[in-house]
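Worksheet for the structure shown next.
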Amino acid sequence: QKEVEQDPGPLSVPEGAIVSLNCTYSNSAFQYFMWYRQYSRKGPELLMYTYSSGNKEDGRFTAQVDKSSKYISLFIRDSQPSDSATYLCVTSKSGGSNYKLTFGKGTLLTVNP
Amino acid sequence: ETGVTQSPTHLIKTRGQQVTLRCSSQSGHNTVSWYQQALGQGPQFIFQYYREEENGRGNFPPRFSGLQFPNYSSELNVNALELDDSALYLCASSATYRAGGDNEQFFGPGTRLTVL
């Protein structure tokens, strides 16, 4: 069993739709949760970062973490064609200086104009 | 501010050869992590370097090795290349402070390695 399981997609939605991306993790030692976005032929870039259960909102993006069920979600409101990318669910055991990131497989999202 | 850069962009090698990939950290960053991203997969942690020493390693064999230089740039070396080594190799830099805290890893664009 992989440490981070992510819905593989691909996911295709019309512009303006609400997008829901999900993943689960198996290791209770994971305390920090991130979503990275990766455009084609680019490196991943940090989108959202949280270390507690609950919701964190940033503009059109909301990250949701439920540590009791080890479930992580990312919601995108009013999706735009520029949101088309691969979204990577990421966890780590520490948010401190020396931490490795554990990635999910990624979900390829296409937002159609 | 210059971001993380990697060279070369693409590389084609044959099985059994050796390869060196290079990474320049973002200005002010002293920690470099390397990840392997196979096609259709998420990145997998290879190792991290801090103060020129390996500081954590993932599940990769010893033929994957690295270096970090005084200017915090880094190299990833892979010996005895295998077909399964074909992947995108990503370098990420971050700033490590004594007090810890959030240390976002900034990724470079990667080097695409193809092993034939």
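All chains are named by letter (A, B, ...) in the order of the sequence lines, taking the proteins before the strands, and each is independently numbered beginning at 1.
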Part of [X] within contact of chain B (heavy atom distance under 4.5 Å):
X       : value
A:Tyr39 : neither
A:Leu88 : side chain
A:Gln38 : side chain

Student check: side-chain heavy atoms of B:Gln105 and A:Val90 closer than 4.5 Å: no
In one Ile/Leu/Val/Met/Phe/Trp/Tyr side-chain cluster, 4.5 Å: [X], [Y]:
X       : Y       : answer
A:Tyr36 : A:Phe33 : no
A:Tyr87 : A:Leu46 : no
A:Val4  : A:Leu74 : yes
A:Tyr32 : A:Val65 : no
B:Phe45 : A:Met34 : yes

Are more than 12 heavy atoms, taken from residues, nucleotides or ligands other than [X], located less than 6.0 Å from that residue's [atom1] atom?
X       : atom1 : value
B:Tyr72 : OH    : no
B:Leu39 : CG    : no
A:Arg60 : CZ    : yes
B:Asn71 : CG    : yes

Residues of residues 101-113 of chain A within contact distance of chain B, non-hydrogen under 4.5 Å: A:Leu101, A:Phe103, A:Gly104, A:Lys105
Chain A contact via B:Phe106 - which portion, at a heavy-atom distance below 4.5 Å: neither
Region of B:Gln44 in contact with chain A, defined by heavy-atom distances below 4.5 Å: neither
From B:Phe47 atom CZ to A:Lys100 atom NZ, the distance as rounded to the nearest 0.5 Å: 14.0 Å
